[in-house]
Amino acid sequence: MDFIAQERDRLLRSTTRVVGIVCALVSVIGIVCALAVPVVPLLGGLACIAIMIGGFLVFGWNGSIWWTALILVSGLAALALLLLGVDDAVRPVVASAVVPLAAGSVSAPLMAQRGHPVGLGLTIAAGAAVVVAMVWASGGILTMPVTGALLGWVLIAVVTIWISRSIPRVARRIYSIGTAHRAERQASETEAQRRQGARLLHDTVLATLTLLAHSGVGVSEQAMREQAAEDARLLRHLRLGATPQPQQSGDYSLTREEESPLGQTLESVKQRFGRMGLEVSWHGTGQVLLPSNVLDAFLLALGECLENVRRHAGVGEAHVTIVHDNEMVRAMVTDSGVGFDLTHVSAERLGFKESVVNRLREVGGDAKLFSAPGSGTTVVLEAPR
């Protein structure tokens, strides 16, 4: 509010300066063009108007009561010299020429007297003196010079009252808008803090559940290193221009080749199950090239077999043997777990998804299951080359 009040006062002082100087110059032009004032009164009046203009220039920066008094005194002195220094016959003509000076220049300080009772009193007294002088010079109340002077003072007073009342209302509205903006910002900050707290709580609960799932030990350093290596390999493939082709949740093909090396892919499967607590021992062929569709079906079936070992066999180790010839690739997944009797378990409860077997058979492969109670389980997977 203080800043707005300061800007209001500065605006009023600047307006006073402009109005006062313009009206004074207009009166100077009218007086000179009338050619009715003798030289001595004319020079005295012009000198007083020059002092008045100088006072307006300083008043635009400093609205002190002394500059207001200088403006009013010099303006009244100019009117007195110009009106008293002529004959009665030409006095009404001079009165008409000094109307801008009396109505505008002398009344202009009225706009900048808010909060200055002494300056306001001096300005009103000067206005009364101007009206009396114009009535005397024009010879009547209802003359053009008197009407023009009164109209100028009324306009200045109306503008002053309008500005004085409008600016505080605008300031209150600006303050209310600022209050609403601050309230909205505080609400946004509170919401952001709430969401941050919710995320922190979520991360804390998730970390606690992770520790509980790992018996309070957490993820091992080796597992973290292996996962970081897998992530680095994925990023390297992406950087080299490979496009991920998701086949199912967690499985991606990241190679441009039509045929993929089976050895590298089996190693990733081994690492994945190793992180889940199942030790996988590989035997047999190290590198075999398979078409991408065959490789996807083969790895899907192999992953399903290892998942069944991890969940149902009751042991922490599985053996995978890879052999191949010119036509087929075979993988034998063997564990020494509890096993089961195939004749006592229905086909839909064997723990091997029918969709996985069907997909393997679609590419020309097959799956065979062998198990006995207490003797573990063996699954033979076949896929064409």
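Environment of CD in Glu327: sparse, with no more than 12 heavy atoms of neighbouring residues, nucleotides or ligands closer than 6.0 Å. Summarising the local packing, CH2 of Trp66 is surrounded by 12 or fewer heavy atoms from other residues, nucleotides or ligands at distances under 6.0 Å. Dense packing is recorded around CD of Glu189, with more than 12 heavy atoms of other residues, nucleotides or ligands lying under 6.0 Å away.
Looking at Thr334, its side chain never comes within 3.5 Å of a backbone N or O of Val320 through a donor-acceptor pair. Side chain of Trp153 to backbone of Ala102: a donor-acceptor contact under 3.5 angstrom is found. Remark: side-chain polar atoms of Arg91 are paired, donor with acceptor, to backbone N or O of Leu83 under 3.5 angstrom. Here the side chain of Ser375 pairs no donor or acceptor atom with the backbone of Ser371 at under 3.5 angstrom. Formation of a donor-acceptor pair under 3.5 Å by the Asp87 side chain with backbone atoms of Val90 is not found in this model.
For the pair Ser336 and Val315, the tightest heavy-atom approach, listed with the atom from each and the gap, is O-CG1, 3.8 Å.
For Ser105, the side-chain contact (heavy atoms from CB on, under 4.5 Å) partners are Cys23, Ala24, Met52, Phe56, Leu101, not counting sequence neighbours. Looking at residues two or more places apart in sequence or on another chain, you find no side-chain hydrogen bond (donor to acceptor under 3.5 Å, both in side chains) involving Ser14.
Under the 4.5 angstrom side-chain criterion for Ile, Leu, Val, Met, Phe, Trp and Tyr, the cluster partners of Leu151 are Leu155.
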Quiz item: Could you go step by step and tell me if Leu306 and Lys270 meet the side-chain contact (heavy atoms from CB on, under 4.5 Å) rule?
Solution: CA-CA 9 Å; Leu306 293 175; Lys270 174 184 177 181; over 6 Å; no
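Under a hydrophobic-cluster definition in which Ile, Leu, Val, Met, Phe, Trp and Tyr are linked whenever side-chain heavy atoms come within less than 4.5 Å, directly or via other members, Met276 and Leu302 are assigned to the same cluster.
Judged purely by distance below 3.5 Å, without hydrogens or angles, the side chains of Thr179 and Arg182 pair a donor atom with an acceptor atom.
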